[in-house]
Amino acid sequence: MESLIGLLVGFPLLGAAVLLCGGKRLEKTGHWLGVVLAGASFVLGAVLFFDMLGKSADERALHQHLFSWVPVESFQADVAFQLDQLAMTFVLLITGVGTLIHIYSVGYMEHDERRRRFFGYLNLFLAAMLLLVLADNYLLLYVGWEGVGLASYLLIGFWQHKPSAAVAAKKAFLVNRVGDAGLAIAIFLMFTTFGSFAFAPVLSNATEAGEGKLTAIGLMLLLAACGKSAQVPLQSWLGDAMEGPTPVSALIHAATMVTAGVYLITRSGAIFNAAPDAQTVVVVVGAVTLLYGAIVGCAKDDIKKALAGSTMSQIGYMVLAAGLGPIGYAFAIMHLVTHGFFKAGLFLGAGSVMHGMNDEVDMRRYGGLRKYMPVTFVTFGLGYLAIIGFPGLSGFFSKDQIIEAAFAKGGTQGWILGAVTLLGAAITAYYMTRVMLMTFFGEERWRGQANEPHPHESPKSMTIPMIVLAFGSVFAGGLFKIGESFVHWLEPVTQFEHGHSPLSAPVVTGATVVTMLIGVGAAWLQYGRRPVPAEAPRGSLLTRAARRDLLQDDLNHVALVLPGEYLTRGLVYVDNKVVDGAVNGTAAAFGGLSGRTRRLQNGFVRSYAVSMFGGAAILVAATLLMRAV
Amino acid sequence: MSFPLLTVTAALPAVGAIATAAVPAAKKSAAKWLALTVSTATLALAVAVLVRFDPGGARYQLTESRPWIKDFGVRYEVGVDGIAAVLIALTALLVPFIIGAAWHDADEVEPSRPNRRWRPTQGFFALMLAVEAMVILSFAATDVFLFYILFEAMLIPMYFLIGGFGDRAHAAGEEEGAKQRSYAAVKFLLYNLVGGLIMLAAVVGLFVVTSDQLGEGTFSLQQITEARADGGFQLDTNIERLLFLGFFFAFAVKAPLWPLHTWLPNAMGESTAPVAVLITAVVDKVGTFAMLRFCLGLFPEASEWATPVVIALALVSILYGALLAVGQRDMKRLIAYASISHFGFIILGIFAMTSQGQSGATLYMVFHGVSTAALMLVAGFLISRRGSRLIADYGGVQKVAPVLAGTFLIGGLATLSLPGLAPFISEFLVLVGTFSRYPVAGIVATSGIVLAALYVLLMYQRTMTGPVEKPEVRAIPDLRVRELAVVAPLIALLIFFGVYPKSLTDIVNPAVEHTMSDVQKKDPKPDHPVADKRWFDYKPVDDHAGGDHK
Amino acid sequence: MSPVNYVYLAALLFTIGAVGVLIRRNAIVVFMCVELMLNAANLTLVAFSRIHGNLDGQIMAFFVMVVAAAEVVVGLAIIVMLYRSRHSASVDDASLMKL
């Protein structure tokens with residue numbers, strides 16, 4: 001079985017290579033090749049999964065060593081895969097959701113003349129993402145890590161004739177690069193501390209190193225996670241990333257790639273467990289992002305950007321849970337999986353709405369769409385119920401666990417974190433209800449526009465994936481919860497401790513449901529009872545700030561972009577005038593000197609004669625002088 | 001004596017250069033094909049060098065040694081270690097692609113009627129082959145004087161290539177262009193001559209001290225190293241430092257290291273793209289290679305003494321080059337500044353004095369050559385279509401020429417060291433090697449990778465994406481078969497070495513070990529070494545038994 | 001008479017010649033002054049030859065004479081050509097040989 005792991009990466013990689021190099025011959029059928037190879041990866045993943053289930057827990061992890069990659073003295077990097085329970089969970093999520101979104105894209109990108117290339121990029125993404133989760137060392141993980149960054153860059157900028165898309169793509173890559181630098185430094189630190197950067201040796205010996213080193217490694221890993229998972233302070237790219245086609249937003253910027261940071265933190269659990277300071281920072285980042293994303297999500301009128309805010313916020317939950325240590329890892333991953341289902345479903349639903357509405361994204365120009373798009377409405381509605389944590393649906397189980405774990409952190413920290421997560425749940429309910437109401441209920445605000453759309457349901461290739469994901473959104477959480485099966489499944493990798501919450505579980509659950517209902521109610525008061533204006537009102541100071549992503553782009557502009565521009569311009573000047581000027585100055589000095597000397601050569605024979613006699617006289621005088629001495 | 005493979009490898013392009021120059025005026029395409037054939041045959045010989053080279057064998061292999069100028073102890077001595085072998089292979093590899101890319105570059109200066117005296121095509125390709133011959137021999141030379149002669153002599157053909165066949169795409173008109181070209185060529189020549197002059201003084205100084213200590217003067221690298229190893233050759237500290245500085249200055253000009261870099265943007269900007277590749281990917285590598293071989297090999301203690309300053313300058317180069325690349329409006333100058341940044345990485349790796357750093361630096365020389373060649377040649381194809389080097393004159397090229405844009409992007413991604421492509425391996429090794437000895441320098445250098453992403457993607461965004469607004473851009477055709485044939489193999493190599501760099505590290509590592517023992521350095525040890533680094537020696541991190549099935 | 005007096009005479013002649021070269025403009029006169037200096041040198045050679053009692057100096061004097069004769073031929077030809085082309089024999093009029 002081990003020897004098959006590489007194929008998980010190999011199938012989509014082959015697809016990417018064929019589709020991107022294949023040229024025009026594949027224009028007609030290429031996308032099906034992409035779908036088939038993504039599906040093949042999923043089937044293989046499922047086979048490996050059932051094989052894994054048949055073994056006892058401590059024999060489940062598989063390992064495949066392909067070849068020695070970069071061997072230089074003590075620096076030994078291998079291309080080797082490790083398929084344990086954590087990786088398996090991700091493999092199924094990535095290939096499963098990935099395949100569904102491939103199918104969806106067949107319909108969604110039908111009229112795009114560069115569809116073949118789109119599928120090539122999607123397959124490239126799957127390959128990189130699978131490499132990321134299957135790598136058995138941090139350096140190979142780094143390859144997948146930047147690989148998904150590249151795929152994300154290519155796909156955000158897929159419609160690159162739009163300058164905004166090209167700029168957004170570049171921004172995403174750059175911000176991610178900052179995080180990547182963090183990951184690189186973490187690897188350097190591991191190498192100088194342990195002499196290795198493969199998971200097994202580093203993680204099983206983590207406690208031997210000093211806490212200072214581990215904290216440094218942890219913080220650098222967190223920086224990487226912040227970049228990839230759009231956590232504060234590196235969150236600015238995710239909203240702009242919505243310039244990409246909607247299936248991309250669903251797959252990369254909701255379900256899989258942006259959760260890679262959570263994977264990284266969970267995978268490196270042994271390091272974080274031994275570095276409490278780093279853990280505290282992780283928790284703070286998660287909590288801040290949770291609120292930040294939620295607030296931004298409340299103010300956006302662009303349906304995809306509202307969902308992007310929500311993604312940030314939900315990943316904030318996961319990061320927070322991962323920062324709690326062994327009491328939270330399993331719940332972080334569980335929320336990650338359920339989030340993968342419902343957020344992908346929500347994005348696909350948003351894409352379906354846009355597909356029927358001439359690519360309009362402004363929710364103020366939607367309204368009353370439930371009649372025209374019943375399937376989209378129902379699947380989107382189920383995703384909505386799941387994300388707000390409606391009892392019984394998957395989001396309920398996973399989020400409730402995180403809130404409980406947050407309280408269980410203990411002390412003042414526990415209370416603060418618990419309160420933040422509860423507040424986040426209320427805001428989540430608020431903004432999601434807002435999205436729901438503005439899109440599917442209320443007046444049909446799109447009527448009477450210059451270019452009036454004709455809302456219609458999307459083709460089967462798009463609705464079927466949505467239905468499948470809706471099933472996941474409804475049942476996944478409950479399934480994982482039965483007998484705590486998910487927690488036990490992951491336990492060998494992430495370990496598990498029962499948190500001891502100061503509040504009993506039913507109390508927390510009750511509080512969660514109540515806050516959720518408050519959020520829903522508030523949204524209904526504002527957007528359900530009253531008509532939604534087609535033009536956005538000016539709004540309060542907070543609303544206006546939230547529309548501008550709480551001024552973070554402005555902050556980046558002032559703090560980084562402007563000084564950078566001045567520095568660059570200044571240096572160009574310095575290079576031309578000072579550094580090159582010194583060189584040209586030296587040249588000019590020699591030129592000037594020779595110009596002066598040249599004047600002695602005036603062409604008059606008699607002046608030459610004078611200098612001759614003068615020279616002779618000096619020589620004679622010198623000779624006589626020397627003799628006198 | 002066995003077959004003189006190295007001499008033949010270097011002599012073939014030299015003979016080819018003479019033959020190409022002698023081709024009659026009317027048969028200029030024959031000259032092109034001749035040059036291409038000769039350079040390809042040279043590549044075959046260079047591959048033979050790689051095959052014959054035994055990484056586990058002696059330090060210098062395929063050696064030849066003949067007396068040359070007896071009075072001064074100068075010998076014709078050649079031999080390769082792993083580092084020289086891969087660099088010779090790089091040179092021989094790139095030249096056929098450069099010739100292929102430059103196929104029509106000399107046509108513009110062709111006279112309207114065949115003229116026996118003025119045969120630019122023949123001259124152009126002959127000069128390229130001449131450069132190739134000298135570069136190959138300078139990598140192989142183990143005699144300091146022989147190396148010095150070649151180091152200086154290669155300036156002559158380069159001068160004519162830059163000044164005589166420069167880029168005609170100049171915004172300010174033909175006359176201004178000609179002025180800039182000759183300025184760039186003279187600047188190139190003067191900079192390198194000044195460096196060479198100082199090196200000459202150091203070469204003479206080396207002769208004096210060797211004749212003082214060894215009884216008779218010698219320039220033989222092997223002889224000096226051996227003599228130092230058994231204590232027969234010990235330099236006075238100050239003299240060693242002065243000699244080191246003399247050599248280092250020349251190499252730092254050639255490499256180029258900040259603040260001696262300003263000739264490179266002019267030279268690369270004004271020459272045609274293939275010649276620019278020849279400068280940065282081939283000729284400049286002689287500078288960094290010589291630092292590794294001569295500065296470290298001849299003057300280990302002085303090298304250590306100079307390390308803090310050199311590392312600081314390398315860091316400045318990395319950041320300064322990258323920031324200036326961000327600020328450039330001219331595509332070729334941008335790539336030139338990016339190269340300055342990359343040379344900073346190479347020099348950093350050499351002077352970090354760790355095996356990872358030096359192996360990384362050697363690989364960096366090779367991979368930077370290939371990646372810059374890919375990026376610069378595609379940029380050259382683009383420039384030749386539109387007749388402008390200014391980034392602002394483009395926009396939306398992706399729409400009209402997708403293959404060109406795609407190859408440009410891959411070249412760019414290689415330049416920013418994307419994992420999966422070859423330059424990542426070398427850059428990571430340099431960084432990890434630097435970090436393990438100088439953590440702060442490692443972190444500062446790492447910030448260079450963010451800037452690299454900035455300048456590459458900014459250029460891609462401005463040239464390739466967006467709507468097609470300019471009519472000249474709309475008329476840009478996609479890559480032709482010849483151009484694709486030049487670029488595709490380079491890209492394939494970038495991917496191959498990104499996935500399987502072991503094929504090169506196996507050759508380079510033993511040579512680096514020798515250099516490390518020259519400078520008497522050992523890699524820093526990790527704080528808490530893990531006994532074994534392989535995964536399968538570890539049980540899963542599971543101490544709770546069981547867990548039920550899901 | 002002491003041979004040293006010839007040396008004094010030679011010094012006098014040389015000085016006259018040198019001053020002539022420096023202050024006169026006419027090329028012919030300058031030329032004659034150069035000849036005067038050459039002959040002053042010849043005189044010294046012969047005088048010292050006498051003082052030291054060997055013939056080296058006298059042999060040298062013959063050489064100088066031959067060279068001087070050759071110089072006269074070339075120099076006068078140049079002066080004549082110069083006069084033909086510029087209608088002047090002033091040395092200050094010809095200053096083309098400068099950078």
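First the proteins, then the strands, lettered A, B, ... as listed; each starts at 1. Excluded from the calculations below are hydrogen atoms, water molecules and symmetry mates; all remaining heavy atoms, backbone and side chain alike, are included. Worth saying up front: this structure is predicted, and the values here are computed from it rather than measured.
Between F75(A) and the options F194(A), W69(A), F191(A), a ring-ring contact (aromatic ring centres under 6.0 Å, His included) holds for only F191(A).
Proximity to chain B involves both the backbone and the side chain of V178(A), based on heavy atoms less than 4.5 angstrom apart. In this structure, no portion of I482(A) lies under 4.5 Å from any heavy atom of chain B. In this structure, chain B has no heavy atom under 4.5 Å from any part of L20(A). Of the two parts of L409(B), only the side chain, counted from C-beta on, holds a non-hydrogen atom closer than 4.5 Å to a non-hydrogen atom of chain A. Interface residue V499(B): backbone and side-chain heavy atoms are both found under 4.5 Å from chain A. Proximity to chain A involves both the backbone and the side chain of Q356(B), based on heavy atoms less than 4.5 angstrom apart. Both the backbone and the side chain of S436(B) come within contact range of chain A, with heavy atoms under 4.5 Å apart. Neither the backbone nor the side chain of L451(B) comes within contact range of chain A; no heavy atoms are under 4.5 Å apart. If you measure heavy-atom distances from R329(B) to chain A, you find no contacts under 4.5 Å at all. Contacts between E113(A) and chain B at a heavy-atom distance below 4.5 Å involve the side chain alone, from C-beta outward.
Side chains of Y455(B) and S341(B): a donor-acceptor N/O pair is absent below 3.5 angstrom, by distance only. In this structure, a donor-acceptor pair under 3.5 Å is absent between the side chains of Y337(B) and Q328(B). N176(A) and Y153(A) form no side-chain donor-acceptor contact under 3.5 Å, judged by distance and modelled atom types alone.
Taking the ring centroids of F428(B) and F188(A), they lie under the 6.0 Å cut-off.
Chosen from K399(B), M464(B), Q398(B), the residue pairing most often with chain A at heavy-atom distances under 4.5 Å is Q398(B). Ranked by non-hydrogen atom pairs under 4.5 Å with chain B, the options A181(A), P163(A), G157(A) are led by A181(A).
Under the 4.0 Å criterion applied to side-chain N and carboxylate O atoms, D78(A) and K502(B) are not assigned as salt-bridge partners.
Between atom NZ of residue K522(B) and atom OG of residue S355(B) there is a gap of 10.0 Å, rounded to the nearest 0.5 Å.
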